[in-house]
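To keep things clear, I will list the structure first and then write my remarks on it.
Quick caveat, the model's predicted, so the values are computed rather than measured. Just so you know, ligand 1 is whichever comes first in the structure, and atom 1 is the first atom listed for that ligand.
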Amino acid sequence: MQIYADNAATTKMSRTAVEAMLPYMEEIYGNPSSLHSVGQKANEALADARKRMAACLGCEAREIIFTSGGSEADNHAITSAARLGEKQGKKHIISTAFEHHAVLHTLKRLEKEGFEITLLDVHEDGLVTAKQVSDAIRPDTCLVTVMYANNEIGTIQPIEEIGAVCREKGVLFHTDAVQAAGHLHIDVQAQNIDMLSLSAHKFHGPKGIGALYAKRGIRLTNLIEGGAQEQGRRAGTENIPAIMGMAAALEEACAHIDENAARVSALRDRLIAGLSEIPHGVLNGDAVRRLPGNVNFCFEGIEGESLLLLLDDKGVCASSGSACTSGSLDPSHVLLAIGRPHEIAHGSLRLTLSEETTAEEVDYMIRAVSDVVEYLRSMSPVWRDLTDGRRSFVTK
Ligand SMILES: *Cc1c(COP(=O)(O)O)cnc(C)c1O
C-alpha cells in the first residue's frame, strides 16, 4: 500500500497535462521568438495558453506573465511593488507572519535595503482579518501581500475584503495563491487583486512553471535581464511544453472545481473526525475555512520527524508542514504564528489529499496515524512526564 498524502508539497501530473505537453517537445518545438513557421506555431500556442490561463483567473491575457514557478512570481511581484513604492517615497510593506518563505525572505531582503515591514499576527484559527490590514495601512504603505491559502494549515484568508480595503486606500495588493489556484474559485477582478502568484505543480501540472498576474498598468521590474520575452518583463526563451501543460492542468482543475472540492473536503472531514479521536491532539487552522484537501494536527508528546518516518514505513507519504522546512529542527513558523507552543509544534503532521484519494485510504491513514502516535508515546519520556503529571498537557 502506498498512499500519497503530500499534495501541498507537489501533485502528480494529470494525464491531460502530460498529453498537452508532448506535441511541444516533439513537433512544435520552435522558439516562439523565431519568425519562421515552426517558431510561429509555438508562438500561437503560447498566446493561446496565455488566453486560457487568463480566462481561468478572470483577467486579460496580457496581464499574465509566465515564470519558473510560485517562488519567482512572489519575488517578482513584491520586488516590483517595492521599486514602484520607492519612487514615490513609500517604503512600508504589510504582510503576515505565516507567509511562504518565497514571500518572507523577499521581504527580509527589502528590509535590509531600508523598507519597513509589518507582519500581521495570525489568529489562533489561522486567519487574518481585513480590519487588521486596514489598521496597519499607513500613508507610506506601498504593498499589502497576504497569501490566499496557507500551505501548511490550509486556512483561506478573506481575500476579497482585504483587496477592497487596499483598493479603497490606494495600496497595491498581491496574493500568493499557489495553494488556491485550481482548488478554489479565483476572480481577480471581483476579488480586488492587483497581483497574484500561482504554480503549476500544485494543481497537477508540471514543475518549474508558474505565472504572475499583474493588473494592467503595473510596471514590473525585470528580475532577469535578456531578451524581450513576456513583453520585456521576464527574459528567457519560454518553456512552451511546461506552459502548455500548466494551461491544460489549470483549465481541467477549474472545470471540475466544485465537484472536486465537494469530494475532497468530505474526505478531509472524515480524516479530521478520525484523527480527532486521538487524545491530546489538536487540529491546526479553522475547521471550515480551509482548503478542501488540507489536514494538519499537532500531537503532544511526540516528534514529528519520527511520526513521518514510521508512517512512511506503513506506506503513507505525509509531511510535518512545509517541504521547504522539513529537515530542519526548528518548529514551523506557521504553527508558532498561530500560537502553538514549541513543545507541541514539534509534533505536527500534515496530510494533504487530492482528487485521487479514496475513503479506504483515509480510513487506513486514520488507523496508521493512531497506531504510530500510540507507539511513539509508549517510548517517549516526555509523554511519561505528561501522564505522570510532572509536566502539564497543553492540549485537551
Ligand atoms: C509551493 C508554494 C510556493 C512555491 O512555489 P514553487 O513553484 O515551488 O516555487 C509558494 N507559495 C506557496 C504558498 C506554496 O505552497
Side-chain angles (χ1 to χ4, degrees), residues 4-13 17 53 64-79 95-109 119 122 126-128 145-157 159 162 174-184 186 193 195-213 223-224 234 236 239 242-243 245-247 249-250 253 284-285 289-296 318-327 332-335 337-338 348 350-354:
Y4 184 74
D6 200 11
N7 286 280
T10 197
T11 58
K12 174 174 138 184
M13 277 187 71
M53 297 272 305
I64 297 285
I65 85 160
F66 295 120
T67 66
S68 65
S71 301
E72 185 189 323
D74 285 341
N75 274 260
H76 205 166
I78 294 167
T79 305
S95 188
T96 75
F98 77 158
E99 297 294 313
H100 190 272
H101 285 127
V103 169
L104 289 177
H105 292 175
T106 303
L107 294 176
K108 264 262 158 340
R109 172 171 54 77
L119 294 184
V122 183
L127 298 166
V128 293
T145 173
V146 175
M147 71 199 319
Y148 202 122
N150 185 271
N151 46 304
E152 290 188 34
I153 58 174
T155 48
I156 301 166
Q157 306 308 313
I159 291 303
I162 294 173
H174 165 255
T175 184
D176 173 341
V178 173
Q179 289 292 329
H183 303 282
L184 301 173
I186 294 179
I193 299 167
M195 291 188 280
L196 174 144
S197 310
L198 60 78
S199 175
H201 75 100
K202 303 291 175 77
F203 51 80
H204 305 286
K207 293 170 184 52
I209 191 74
L212 171 63
Y213 150 77
L223 292 191
I224 300 175
R234 203 273 186 185
N239 185 348
I243 290 169
M246 170 165 67
L250 187 62
N284 294 310
R289 289 196 54 109
R290 71 190 300 132
L291 289 167
N294 179 289
V295 175
N296 188 315
S319 159
S320 62
S322 92
C324 325
T325 46
S326 13
S332 133
H333 70 288
V334 172
L335 296 177
I338 62 167
S348 65
R350 180 185 72 182
L351 296 164
T352 43
L353 315 180
S354 83

With a 4.5 Å heavy-atom cut-off, do Tyr148 and Asp176 have their side chains touching? no
Residue list, salt bridge (charged side-chain N to carboxylate O under 4.0 Å, His left out) with Arg109, at least two apart or on another chain: Glu113
So do Glu152 and His333 actually touch side chain to side chain, heavy atoms under 4.5 Å? yes
Asn75 and Thr106: side chain donor to acceptor below 3.5 Å: yes
Does the side chain of Tyr4 come within less than 4.5 Å of Thr10's, by heavy atoms? yes
So do Arg350 and Asn284 actually touch side chain to side chain, heavy atoms under 4.5 Å? no
Per the under 4.0 Å non-hydrogen criterion, ligand 1 touches Gly69, Gly70, Ser71, Asp74, His100, Met147, Asn151, Asp176, Val178, Gln179, Ser199, His201, Lys202
